Amino acid sequence: MVDLLGLFLNYTVFFERIHYLLVIILIIVILLSDRSPNNMLAWIFTIYIFPIGGIILYFLFGINWRKNRIVSNKMKGEEKKIFSRLFNFLQRDTSEIFRSKDFFYYNKVVGKKNENFEKMTPQEREKKINKQIDVMLQNINMNEREQEIVKMLYKSEGTFLTNNTSYRLFYNGKDAFDSILEDIKGAKHSIYMEYFIWKSDELGEKIKNLLVKKAKEGVKIKLLFDGVGAFNLSRKYKKELKMAGIEARFFLDVKFSITKLNYRNHRKMTIVDNEILHTGGMNVGQEYIDGGKRFSSWRDTNARFIGEITAQYLAIFVTDWLNSGGKNDDFSRIIKSEAVKEIKDQEPIDKQKLKYVMQVSSSGPDTEWTTLKYLYSKMISVAKKEIIIQSPYFVPDTSLVSQLKIMALSGVKIKIMMTGVPDKKIPYWIAETYFEELIDVGVKIYRYKAGFLHCKNIIVDEKMSTMGTCNFDMRSFEINYEVNSVFFNEEISKDLKNQFLRDLELCEKFDEAKLKKVGFFKRLRNSGFKLISPIM
């Protein structure tokens with residue numbers, strides 16, 4: 001009995017030492033991970049407070065995939081291939097497609113033969129392209145503030161300005177999906193759809209039945225679901241799609257990649273015949289039309305575009321599709337050639353008659369830069385008169401909060417609207433911890449009370465704006481795969497602002513009086529969750 005007890009104690013001490021060693025190693029890894037100080041502290045705090053659970057959480061949710069991407073980009077040849085297979089989140093990057101010679105129409109150096117351009121060093125080529133971009137932006141009389149955003153998005157992602165012939169904004173699910181269904185009905189060649197959530201409910205059935213009909217007519221259909229957002233899609237539903245010849249794939253399927261459970265594809269798009277694009281905040285689910293069982297209504301923003309921006313979303317779809325499939329995929333070659341053709345046929349924007357000028361911004365946990373966060377930050381910093389922010393969640397980092405405070409103290413009017421009827425309590429509570437310091441500098445904060453507010457819009461000075469899938473929170477900036485459209489257009493920006501003013505009539509203002517009603521224990525709860533907000 002004594003021997004057994006001694007053996008047990010020896011094993012206990014051994015495992016305890018292993019545990020302490022693992023904690024020390026993880027803390028060193030975190031300190032060397034190039035994360036923000038807040039993110040580091042949040043992970044160290046979590047591992048210290050929850051010794052076993054914290055370690056498990058780190059391996060599931062804490063690996064710095066972005067740093068792995070940066071490291072692999074500096075490698076060459078076989079070394080790069082091996083590192084990418086072992087340590088990269090995904091194998092393909094949209095920016096690589098955007099920067100390819102076939103895709104990027106700025107690469108067409110005017111008056112020069114392609115061979116001369118090919119012989120340039122990377123530095124010479126970049127200098128030449130940047131010069132072309134400067135000339136192009138001057139030719140279309142874009143102001144300096146907008147030019148800075150265009151250049152930043154090109155430098156970080158490889159995306160470029162597009163000219164578009166028409167747009168339509170939808171502020172409710174019924175109108176948005178009526179338009180999507182109508183365009184699907186009219187499809188002649190292809191339908192590509194990518195969504196975070198896809199349900200086999202009333203709306204999902206309606207879309208599925210129509211897609212099956214179009215597949216029988218010979219239309220090529222590809223569907224991309226998120227591995228978690230569409231996890232509950234019924235077996236019968238998937239079988240009907242397959243029987244009709246519709247190919248569907250799951251992005252980061254959790255059945256095969258449990259360590260990537262936290263990193264979701266939050267993008268939403270429908271591309272019809274490579275000409276029509278639908279995108280925005282709406283997923284495929286009946287609640288986006290009627291609010292479902294939890295909400296009296298659902299307020300969201302979606303858009304329909306015809307123009308060059310469709311090709312850039314097609315490139316993003318291509319990348320996500322290839323990252324969700326096998327290596328030997330004939331469709332990879334076919335769809336990539338479609339996307340390349342769409343871009344290759346475009347003329348430089350300063351050679352066209354401009355109508356609706358737009359640019360795409362997308363990022364994910366393994367992209368080299370947190371570009372959507374940079375976009376939001378840059379749009380805030382260039383404002384002269386007014387900043388309008390709509391987002392269901394408001395969980396920024398300290399740098400964005402400081403920017404908002406600086407701009408408010410500089411005389412810029414700032415209005416923030418978030419949901420007043422939350423679907424997730426914790427982000428709702430954390431948001432309250434930012435209110436006092438923002439209200440003190442004159443920022444006006446509103447909570448939408450008529451239902452669930454899910455749109456993600458920023459409007460600056462009624463001149464430029466952005467709309468898409470990216471919330472004003474750290475999850476969207478750091479963890480999710482997101483995509484936004486950026487509008488350098490007064491008409492679209494005013495359209496979005498006018499809807500904001502209509503939404504304002506259904507809001508309650510969160511002011512100092514409301515702030516005083518938040519009791520001590522609620523403040524303590526909110527601040528407790530704020531400690532781990534950088535890793536949520």
Side-chain angles (χ1 to χ4, degrees), residues 69-70 73-74 76 93-164 307-316 319 339-363 367-379 381-382 384 460 463-464 466 484-490:
R69 172 71 71 180
I70 294 170
N73 285 345
K74 294 177 181 178
K76 293 182 180 180
D93 186 344
T94 307
S95 67
E96 294 171 5
I97 301 177
F98 282 135
R99 296 182 194 282
S100 70
K101 65 177 182 178
D102 294 322
F103 246 68
F104 191 33
Y105 58 64
Y106 298 152
N107 287 356
K108 300 174 182 177
V109 183
V110 178
K112 297 282 185 181
K113 292 184 179 180
N114 288 334
E115 309 87 76
N116 295 338
F117 192 67
E118 289 297 322
K119 290 178 182 178
M120 291 180 182
T121 65
Q123 293 76 17
E124 290 172 334
R125 188 179 302 181
E126 184 176 357
K127 186 177 179 181
K128 186 71 180 179
I129 291 173
N130 288 334
K131 186 176 180 181
Q132 286 179 266
I133 292 174
D134 286 336
V135 172
M136 179 202 69
L137 294 175
Q138 291 168 13
N139 287 347
I140 65 174
N141 297 317
M142 180 170 275
N143 68 50
E144 189 175 336
R145 293 181 296 158
E146 293 174 334
Q147 286 189 31
E148 290 173 0
I149 291 174
V150 171
K151 291 176 183 178
M152 182 195 74
L153 294 180
Y154 166 67
K155 183 74 174 177
S156 58
E157 300 182 51
T159 63
F160 41 90
L161 283 180
T162 65
N163 187 26
N164 300 274
E308 295 177 346
I309 198 169
T310 304
Q312 296 201 10
Y313 272 82
L314 178 60
I316 293 168
T319 306
V340 168
K341 181 179 182 298
E342 292 298 317
I343 300 287
K344 200 173 182 180
D345 289 347
Q346 293 178 13
E347 288 294 324
I349 200 165
D350 56 337
K351 306 296 181 184
Q352 305 178 43
K353 184 178 179 181
L354 300 182
K355 196 164 186 182
Y356 301 110
V357 178
M358 307 176 190
Q359 194 171 7
V360 172
S361 180
S362 65
S363 60
T367 55
E368 190 168 358
W369 311 104
T370 54
T371 316
L372 278 160
K373 179 187 169 184
Y374 296 168
L375 169 67
Y376 284 14
S377 174
K378 189 65 178 174
M379 289 182 72
S381 70
V382 301
K384 298 296 182 184
V460 173
K463 300 291 185 184
M464 63 177 144
T466 183
N484 270 39
S485 303
V486 187
F487 312 122
F488 302 97
N489 181 273
E490 190 171 345

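The residues of the chain are indexed from 1 along the displayed sequence. Only a predicted model underlies this, so the values are computations on that prediction, with no experimental measurement involved.
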Among Lys127, Lys128, Glu126, Gln132, the one residue meeting side-chain contact (heavy atoms from CB on, under 4.5 Å) with Asn130
Glu126

Applying the side-chain contact (heavy atoms from CB on, under 4.5 Å) criterion to Met464, which one of Val486, Ile149, Asn489 satisfies it?
Ile149

Approximate separation, where rounding is to 0.5 Å, of [X] [atom1] and [Y] [atom2]:
{"X": "Asn163", "Y": "Lys353", "atom1": "CG", "atom2": "NZ", "value": "10.5 Å"}
{"X": "Met152", "Y": "Leu375", "atom1": "CE", "atom2": "CG", "value": "5.0 Å"}
{"X": "Thr466", "Y": "Phe487", "atom1": "OG1", "atom2": "CZ", "value": "6.5 Å"}
{"X": "Glu146", "Y": "Lys378", "atom1": "CD", "atom2": "NZ", "value": "12.5 Å"}
{"X": "Glu144", "Y": "Leu137", "atom1": "CD", "atom2": "CG", "value": "11.5 Å"}

Assess, by modelled atom type and distance only, whether the side chains of Tyr374 and Ser361 contain a donor and an acceptor separated by less than 3.5 Å.
no

Derivation of the side chain to side chain contact (heavy atoms under 4.5 Å, CB included) call for Lys384 and Arg145:
CA-CA 10 Å; Lys384 298 296 182 184; Arg145 293 181 296 158; 3.3 Å; yes

As a quick check of understanding, evaluate side chain to side chain contact (heavy atoms under 4.5 Å, CB included) for Thr371 and Thr159, giving each step before the final call.
CA-CA 11 Å; Thr371 316; Thr159 63; over 6 Å; no

For Gln359 and Leu161, the nearest pair of non-hydrogen atoms, with its separation, is OE1-CD2, 4.0 Å

Grab the two heavy atoms, one from Asn484 and one from Tyr313, that are nearest each other, plus how far apart they are.
C-OH, 3.6 Å

Taking the side chain as every heavy atom from C-beta outward, state whether [X] and [Y] have any pair of such atoms under 4.5 Å apart.
{"X": "Asn164", "Y": "Lys355", "answer": "no"}
{"X": "Phe488", "Y": "Leu354", "answer": "no"}
{"X": "Lys463", "Y": "Asn143", "answer": "no"}

Is there a donor-acceptor pair closer than 3.5 Å between any side-chain N or O of Gln147 and the backbone N or O of Met142?
yes

Given the rule in the side chain to side chain contact (heavy atoms under 4.5 Å, CB included) test, do Gln312 and Phe160 qualify, once you have shown the distances and angles that lead to the verdict?
CA-CA 9 Å; Gln312 296 201 10; Phe160 41 90; 3.3 Å; yes

Go through the steps to decide whether Gln352 and Glu308 satisfy the test side chain to side chain contact (heavy atoms under 4.5 Å, CB included), and finish with yes or no.
CA-CA 12 Å; Gln352 305 178 43; Glu308 295 177 346; 2.8 Å; yes

